[in-house]
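Note that ligands are numbered from 1 as they come in the structure, with each ligand's atoms numbered from 1 the same way.
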Amino acid sequence: MVDLQTQYLQIKADIDSGIQEVIDSAAFVKGKKVTDFAAHLQSYTGAKHVIPVGNGTDALQIALMALGLQRGDEVITPTFTFIATAEVVALLGLTPVVVDVDWDTMNMDTDAVRRAITPKTKAIVPVHLFGQCADMEPLLQIARENNLYVVEDACQAIGARYTFRNGHTAQAGTMGEIGCTSFFPSKNLGCYGDGGALFTNDDALADRIRAIANHGMVVRYHHDMVGVNSRLDTIQAVVLDAKLPHLDKYTAARQTAAAFYDNAFSDNADLLVPFRAPYSTHVFHQYTLRLSGRVAPLRSNIQARLAEKGIPTMVYYPVPLHLQKAYKDPRYRAGDFPVAERLAGCVLSLPMHTCLDGEQLAYITGNLLQTIELCKG
Ligand SMILES: *Cc1c(COP(=O)(O)O)cnc(C)c1O
């Protein structure tokens, strides 16, 4: 699905010398490289504050802690996402309220959010799934009208740009009170282990986030609030700082691969290519097809045949949150979120990374089209 080795070889000299410097200096934690990288990511994203942490899940948890949410407060998330989005809500004793997604964008359905608001609702967590921004302008409007916080889960969408109706644009993760991203190796900006960051434009929130990520400590060994220990290793900051200058080039490579896929599949009645929302660029963390009703039941068969030809495929995500065992809730049952349930049954993600060449793309598309015909026959 990803090829991190080829990408590494292109920037090997920078990474190797940077990592060696960290080892020589022994500044493994809180080294200068961490603040350097945060400053560079700050100018790249336009966020006023970038606070590096241990991973994207921590970023989401710290965001909800920094907003001072209380046990029982409701947080609205899409039901079609990676589990981390709702996991942190549950871990903090908050109540996850899930909503359905839009069939085209696979992102949070704005009208469903409006209907899910109760007097206990405190925050909305839109997920910019697969690398395309959720429709933020109406979500921010709903949040303003109802006095809610917006925490963006931008773990899959670093570098995606949202365009507001007035023409103003902003990067994924910089529009809500807080944005969260992940530097997991396979993410669009990935390190060689775990990493993540929070974005905010609010000075007071930035201070709280920094303190919470560091054991709730403001003055050394004086703890003003309950915190966690979550930080980006200096070695990971070196990797990220070496990759950041290439991020736009990496994104362009993903978009070129996506255009190749689109071109191969767009007139096939059994494959629905990813929708491009007019208000957002798509940075293609994943290239996710929707299979037609006739072919969707053959999905695992198609995957197995492709695997035999050396072509990996993945189903992101096979089970929506409201049908996960750990998140069983008497309020929800099968059929409640029909779009998410239908997507779970028909999505198929193809290999997507920054080093796909024409030959590989032709091999993947040719085999997928052939396999579908074979399985149908
Ligand atoms: C990857 C991801 C996370 C979690 O990031 P980690 O760094 O793996 O903790 C959260 N939400 C979404 C949508 C993700 O894709």
Side-chain angles (χ1 to χ4, degrees), residues 1-2 4 37 41 50-65 75-92 96 98-99 101 105-108 123-134 136 139 150-160 172-173 175-176 178-199 209 213 228-233 235-237 239-240 243 254 274 280 282-288 314-321 324 326-327 340 343-344 347 349 352-353:
M1 292 297 283
V2 296
L4 298 172
F37 166 65
L41 190 57
V50 171
I51 302 130
V53 292
N55 58 68
T57 308
D58 278 2
L60 288 163
Q61 178 178 333
I62 293 165
L64 297 176
M65 291 171 76
V75 177
I76 302 178
T77 75
T79 188
F80 190 65
T81 178
F82 179 57
I83 200 71
T85 319
E87 185 175 55
V88 297
V89 178
L91 270 176
L92 292 172
V98 298
V99 297
V101 293
T105 63
M106 303 186 249
N107 277 323
M108 204 168 214
I124 309 174
V125 184
V127 181
H128 306 311
L129 199 68
F130 303 147
Q132 184 167 245
C133 291
M136 289 302 290
L139 284 173
V150 173
V151 174
E152 298 171 69
D153 182 341
C155 288
Q156 301 188 357
I158 198 154
M175 294 171 272
I178 304 176
C180 300
T181 202
S182 164
F183 305 127
F184 185 75
S186 65
K187 298 286 157 96
N188 288 32
L189 180 62
C191 57
Y192 292 170
D194 276 307
L198 295 95
F199 306 132
I209 290 166
V228 297
N229 169 26
S230 188
R231 50 201 173 203
L232 184 71
D233 291 346
I235 284 179
Q236 301 307 340
V239 174
L240 293 165
K243 282 193 185 188
R254 289 171 177 275
S280 177
H282 200 319
V283 298
F284 288 99
H285 174 58
Q286 298 297 341
Y287 184 90
T288 303
M314 291 292 283
V315 173
Y316 302 120
Y317 296 93
V319 183
L321 295 186
Q324 295 283 359
Y327 293 82
L343 286 170
V347 286
S349 297
M352 175 51 78
H353 54 83

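Here's the thing with T57: one of its N/O atoms is less than 3.5 angstrom from an N/O atom of ligand 1.
Among protein heavy atoms, the minimum distance from atom 1 (C) of ligand 1 is reached at K187 NZ, 1.4 Å. Among all protein heavy atoms, the one lying closest to atom 8 (O) of ligand 1 is S182 OG, 4.0 Å. When hydrogens are left out, the protein atom nearest atom 11 (N) of ligand 1 is D153 OD2, 2.8 Å; that is the closest non-hydrogen contact. Scanning all protein heavy atoms for the shortest distance to atom 15 (O) of ligand 1 gives Q156 NE2, 2.8 Å.
Within the set G196, C180, C155, the minimum heavy-atom distance to atom 10 (C) of ligand 1 is found for C155.
In H285, neither the side chain nor the backbone holds a heavy atom less than 4.0 Å from any atom of ligand 1.
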Under the side chain to side chain contact (heavy atoms under 4.5 Å, CB included) criterion, do R254 and V283 qualify, and how do the steps go? CA-CA 7 Å; R254 289 171 177 275; V283 298; 5.6 Å; no
Residue pair S349, T288: steps toward the side-chain hydrogen bond (donor to acceptor under 3.5 Å, both in side chains) verdict: CA-CA 4 Å; S349 297; T288 303; 2.8 Å; yes
Is there a side chain to side chain contact (heavy atoms under 4.5 Å, CB included) between V125 and I76? Walk through the geometry before answering. CA-CA 6 Å; V125 184; I76 302 178; over 6 Å; no
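Which parts of ligand 1 touch A84 is read off a 4.0 Å heavy-atom cut-off, strictly below it: atoms 10 (C). Distances below 4.0 Å separate heavy atoms of N55 from the following atoms of ligand 1: 7 (O), 9 (O). Using a 4.0 Å cut-off to heavy atoms of G56, the atoms of ligand 1 that qualify are 5 (O), 6 (P), 7 (O), 9 (O).
Contact detail for S230 and G54: the closest heavy-atom pair is OG-N, 2.8 Å. The heavy-atom pair separating L232 from D194 by the smallest distance is CD1-O, 4.2 Å.
Remark: distances from the non-hydrogen atoms of H128 to ligand 1 are all 4.0 Å or more. Residue contacts with ligand 1 do not include D194, since none of its heavy atoms lies under 4.0 Å from the ligand.
For F183 and F37, the gap between ring centers is short of 6.0 Å.
In this structure, a donor-acceptor pair under 3.5 Å is absent between the side chains of Q156 and H128.
The aromatic rings of Y317 and F80 lie perpendicular to each other, with more than 60° between the two planes, well past the 30° mark.
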